[in-house]
Every structure is written in structure tokens, then in C-alpha cells.
Amino acid sequence: MIDDCKLIEFSQKGDERGHLVIIEGNEDIPFDIKRVFYIYGSDHDVIRGRHANYNSEFVLINVSGTSKIKVDDGSSQRVFDLDRPHIGIYLPRLVWKDMYDFSEDSVLLCLASEHYDAEEYIRDYDRYLEIMKKGKTANNA
Ligand code: TYD
């Protein structure tokens, strides 16, 4: 599952007037975009996220500034640097994510496959590990 977290490079149409980055739902990213939110003004030492989602897939893009995304599937972890406005990270369902190391000018744009539903968030890491362990056992049965 950690291998399903992937950096995506979006097409750019820059010219003498500046840059333009294009992201089309179901084309550049593997889902229909149902929700958009963005995070800015987070201090350098803040850790956001700290959750997994049962249903939502995400693509995260630092349209300004930089941040780091740590992904965790209960067995392994990986850290991605978001440091260019035309690069996104795709996060599948059920991946635990931490967003941190925000630059002062960081604007982290998040595209989601689902509308907001607090019930589909797993916010307790021990519970997340249990859910992932159960899933593994079920898959191996
Ligand atoms: P939270 O999930 O803690 O943000 P992050 O993942 O960046 O750490 O969300 C902060 C608050 O905003 C929380 O009360 C839930 C609410 N919220 C919504 O109402 N809709 C949304 O789409 C999101 C992402 C959050």
C-alpha cells in the first residue's frame, strides 16, 4: 500500500506571462474531485493530519512553499517532499498521513475524492494499527 503513494507531475503551460498548472479529475489524478481544501499559516513545528480515511483518496500539492508528508501503512513509512507547485502526492484510502515542516509561505492544496464525513476519519493510531492488522489477517485467510 505504501507503494501506492506516488508523486504525480502535472502538466504545465508556462509562457512569458507566468506558469499555469493543469489538474483534471479522472485524468491527471485517479478520481473525481468532490472536495477541495487548503492549509496555510501552520507553524514550522506543527504536525497536521495524523489520521487515515476509510473512504477518501487525496492528492496534496504545495501550490506555494514547501512541506513534508509522512505516509504510513502500519508496516512501513515513507517521507515525501512537496517542494514544487506542479508536483502532487497521491494518497490512497487507509494510509496514515502526517503533514509537517511547513515553510512560512506554505499553501497546501488538498483534493479529495469524497465529501467531508467525520465518521470516515481514523484519528487514533493504535486503532489504525489494529484495523490494518485485521485487514492483513482477512486478506491472508
Ligand atoms: P483536520 O482534519 O484536523 O485538519 P488536518 O487534516 O489538516 O490536520 O480538520 C480541522 C477541522 O476542520 C476539523 O474540525 C474538521 C474540519 N474539516 C471540515 O469540516 N471539512 C473538511 O473538509 C476538513 C478537511 C476539515
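Note that the structure is predicted; figures quoted are calculated from it, not measured. In listed order, ligands and their atoms are each counted from 1.
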### Query
For ligand 1, does Arg35 get within less than 4.0 Å through its side chain, its backbone, both, or neither, judged by non-hydrogen atoms?
side chain
### Message
Below a 4.0 angstrom heavy-atom separation, can you tell me which part of Arg123, side chain or backbone, both or neither, approaches ligand 1?
### Response
side chain
### Task
Enumerate the atoms of ligand 1 whose separation from the nearest heavy atom of Ile39 is less than 4.0 angstrom.
7 (O)
### Message
List ligand 1 atoms under 4.0 Å from Gly49, heavy atoms only on the residue side.
### Response
5 (P), 6 (O), 8 (O)
Got the closest protein heavy atom to [atom], with its distance?
| atom | result |
| --- | --- |
| atom 6 (O) of ligand 1 | His51 NE2, 2.8 Å |
| atom 4 (O) of ligand 1 | Arg48 NH2, 3.3 Å |
| atom 15 (C) of ligand 1 | Tyr116 OH, 3.2 Å |

### Task
Please work out whether the ring planes of Tyr125 and Trp96 are parallel, tilted or perpendicular, with thresholds of 30° and 60°.
perpendicular
### Query
Taking the inter-plane angle between the rings of Phe31 and Tyr90 on a 0 to 90° scale, is it parallel (under 30°), tilted (30 to 60°) or perpendicular (over 60°)?
tilted
### Task
With sequence neighbours excluded, tell me which residues meet side-chain contact (heavy atoms from CB on, under 4.5 Å) with Asp43.
Asp45, Val46
### Donor-acceptor side-chain pairing of Asp101 and Ser67 below 3.5 angstrom
no
### Query
What distance do Glu114 atom CD and Asn55 atom CG have between them, rounded to the nearest 0.5 Å?
5.5 Å
### Task
Output the distance between atom CZ (Phe58) and atom OG (Ser113), rounded to the nearest 0.5 Å.
7.0 Å
### Message
Does the protein come close to atom 12 (O) of ligand 1 - that is, does one of its heavy atoms sit below 4.0 Å from that atom?
### Response
no
### Message
I'd like to check atom 22 (O) of ligand 1 in this structure: does the protein have a heavy atom lying under 4.0 Å from it?
### Response
yes
### Aromatic ring proximity, centroids under 6.0 angstrom, Phe10 and His86
no
